[in-house]
Protein chains: 2
Amino acid sequence: MSRSASGSGTGSADGLTRSAGAVVGLLSSLVRHAPRDLSMTSVSTLSTLDSTGPRRITDLAAIGGITQPSVTALVISLERAGLVERCKDPADKRVVLVAITAAGSDYLHARRRANIEAFAQLIDRLPLDEAAALGAAVPALEHLRELDDQQRDPGPSIGGVGTGLDG
Amino acid sequence: MSRSASGSGTGSADGLTRSAGAVVGLLSSLVRHAPRDLSMTSVSTLSTLDSTGPRRITDLAAIGGITQPSVTALVISLERAGLVERCKDPADKRVVLVAITAAGSDYLHARRRANIEAFAQLIDRLPLDEAAALGAAVPALEHLRELDDQQRDPGPSIGGVGTGLDG
DNA sequence: ATAATCTATATAGACAGTCAATGTAGTTTC
DNA sequence: GAAACTACATTGACTGTCTATATAGATTAT
C-alpha cells in the first residue's frame with residue numbers, strides 16, 4: 001500500500017483503496033446474481049476441460065481447488081447432463097479421463113457469450129468518458145487477474161483456474 | 001453494443017467486449033477464493049443490517065434475494081455466533097427485528113478492511129501507468145455497479161443489496 | 001517374483017445452505 | 001367477529017462440499 005497510492009489516477013492519497021473498493025464492490029454486485037443452472041465449480045471445470053483438453057479427476061480437483069471426491073460427484077452429474085464424457089486411460093487403468101462433449105462446449109460458449117454481452121450492455125450505458133476510461137484500464141484489469149492467479153497458485157503450469165463467471 | 005464500442009479506450013471495434021471480458025474475468029478470479037468462514041449471504045445480510053439498521057426477517061429475504069425460511073435459519077446461526085440480536089417489535093407482535101451487534105459490526109469492518117487491503121496490495125504491484133489507468137476508471141466501475149443494481153432491482157428504495165464480498 | 005507401498009478413483013457419512021410447502025400466531029378488513 | 005391476510009417457524013428434500021476410508025491398479029525393493 002505504499003507506492004501506487006500516489007500514482008493512481010485520482011491523485012488522492014486513498015486512490016488505491018478506492019480502486020480496490022470499486023472493483024470489489026462491482027464484483028460483489030455481479031456474483032450473487034449469476035445464473036445458477038450449474039454451480040460455479042461445474043462451469044469452471046467445464047472451462048478447464050474446454051481450454052486444456054481431457055483431464056484426469058485428480059487434475060481437476062487440484063486445478064479447481066476442491067477435493068477429489070467432490071470432483072468425482074461433479075463429473076458424474078456433468079456426465080448425466082451430457083456435458084462431459086468419461087473414458088478409461090488405456091495406459092493406466094486406474095485413471096479416468098474426463099473430456100468435454102460438443103454439447104458441453106456449446107453450453108460453455110453460449111454462457112460465456114451471454115455473460116459478456118450482458119456486461120457489455122451495461123458498459124454501453126456509461127457516459128463516453130467513463131467507457132473510455134474503462135477501456136484504458138483493460139490492460140490493468142487483465143494484469144490484475146494474472147497477479148491474482150499467480151499469488152494463489154505458486155505452482156507450475158496448471159493453467160488458469162477458470163472461475164465460473166467466465167463460463 | 002452499439003455506441004461505446006467505438007468510444008472505448010482501446011480504439012478497436014471490440015473494445016467493449018474486451019472490457020467486459022476483462023472485468024468479468026477478474027471478478028471471476030477473485031470470487032472463488034473469497035474467505036468462507038461465513039457464507040456470502042450471511043455477510044451480505046450483516047452488511048445490510050450495518051448500513052441500514054435493524055430489519056425484519058421478511059425485509060432481509062427480499063433484500064438478499066433469498067426465501068424467508070432461509071433468512072430465518074441464517075439469522076438463527078448469526079445469533080448463535082453473537083453477530084446479531086433478535087428482538088420483538090412491540091408494535092406488531094408477529095415481527096422479529098434483527099439488529100447487528102457490536103461484535104457483528106466489528107467482524108464486518110475487519111473483513112471489509114482485509115478484503116480491500118488484499119486487493120490493494122495486488123494493485124500496488126501493477127506498473128505505474130496501469131495503476132493510473134485503473135484509478136481513472138474508478139468512477140466507471142462505481143457507475144457500473146449502480147447500473148447493475150438498478151437493472152436487477154427496479155423496485156423502490158430498498159437500498160444496496162450488499163453481496164458478501166464487500167463485507 | 002512377490003510383498004510393501006504408493007496412486008487414482010469411488011464410496012460412505014456428515015454438514016451447511018438453499019428451496020417449496022405448510023403450520024401458527026397475530027393483524028386487518030368487512 | 002369471521003374471513004383474509006401477514007410474519008415468521010418448521011419440515012423435508014436436494015446440492016455441494018468436506019473427511020475418512022475402501023478398492024483397484026501401478027511401482028519399488030528385496
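Numbers restart at 1 for each chain; the letters A, B, ... are given by sequence-line order, proteins then strands.
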Report the residue (B:Pro69 or B:Arg56) whose heavy-atom-nearest nucleotide on DNA chain D is the more 5′ of the two. B:Arg56
D:dA24 P sits how many Å from A:Lys88 NZ, rounded? 11 Å
Would you kindly give the CG-to-C1' distance between B:Leu74 and C:dT18, to the nearest whole Å? 11 Å
Looking at side-chain heavy atoms only, is the closest gap between B:Leu60 and B:Leu49 below 4.5 Å? yes
Just the rounded figure in Å: distance from P of D:dA7 to CG of B:Leu97. 12 Å
On the nucleotide D:dC8, are OP1 or OP2 found under 4.0 Å from the side-chain N or O atoms that B:Thr72 carries? no
Starting at CZ of A:Arg80 and ending at P of D:dG16, how long is that distance when rounded to a whole Å? 10 Å
Classify the side-chain pair A:Tyr107/A:Asp37 by whether it contains a donor and acceptor separated by less than 3.5 Å. yes
Can you tell me if the side-chain N/O atoms of A:Ser70 get under 4.0 Å from OP1 or OP2 in D:dG16? no
For B:Leu78 and C:dA16, give me the distance from atom CG to atom P, rounded to whole Å. 13 Å
Could you state the atom-to-atom distance from CG of A:Asp59 to P of C:dT7 in whole Å? 14 Å
Taken to the nearest whole Å, CG/A:Leu60 to C1'/C:dA10 is 15 Å
Would you tell me if any nitrogen or oxygen in the side chain of B:Arg86 comes within less than 4.0 Å of OP1 or OP2 on D:dA9? yes
Nucleotide D:dC18, atom P - distance to CD1 of A:Ile66 in whole Å: 6 Å
Between A:Thr67 and D:dT17, is there a side-chain N or O to OP1/OP2 distance below 4.0 Å? no
Residues A:Leu144, B:Leu134; criterion side-chain contact (heavy atoms from CB on, under 4.5 Å); working and verdict: CA-CA 10 Å; A:Leu144 274 181; B:Leu134 188 62; 3.8 Å; yes
Which pairs of donor and acceptor atoms, one on a side chain in residues 69-84 of chain A, lie under 3.5 Å apart (sequence neighbours left out)?
residue	atom	partner	partner atom	Å
A:Ser70	OG	A:Thr67	OG1	2.9
A:Thr72	OG1	A:Gln68	O	3.3
A:Thr72	OG1	A:Gln68	NE2	3.0
A:Ser77	OG	A:Leu74	O	3.1

Produce the list of close N/O pairs, under 3.5 Å, pairing protein atoms with atoms of nucleotides 24-28 of chain C; give distances to one decimal.
residue	atom	partner	partner atom	Å
C:dG26	N2	B:Arg94	NH1	3.0
C:dT27	OP1	B:Lys93	N	3.2

A:Ser44 versus A:Ser47, side-chain donor and acceptor atoms under 3.5 Å: no
Does a side-chain N or O of A:Thr58 approach OP1 or OP2 of C:dT7 to a distance below 4.0 Å, or not? no
Heavy-atom side-chain proximity of B:Arg94 to B:Asp89 below 4.5 angstrom: no
Tell me whether the OP1 or OP2 atom of C:dT18 has a side-chain N or O from B:Thr41 closer than 4.0 Å. yes
Which residue, A:Ile123, A:Leu126, A:Leu122, forms the side chain to side chain contact (heavy atoms under 4.5 Å, CB included) with B:His143? A:Leu126
Once hydrogens and angles are ignored, does a donor-acceptor distance under 3.5 Å link the base of C:dA8 to the side chain of A:Gln68? no
Nearest to side-chain heavy atoms of B:Ile57, which nucleotide of D:dC18, D:dA9, C:dA20: D:dA9
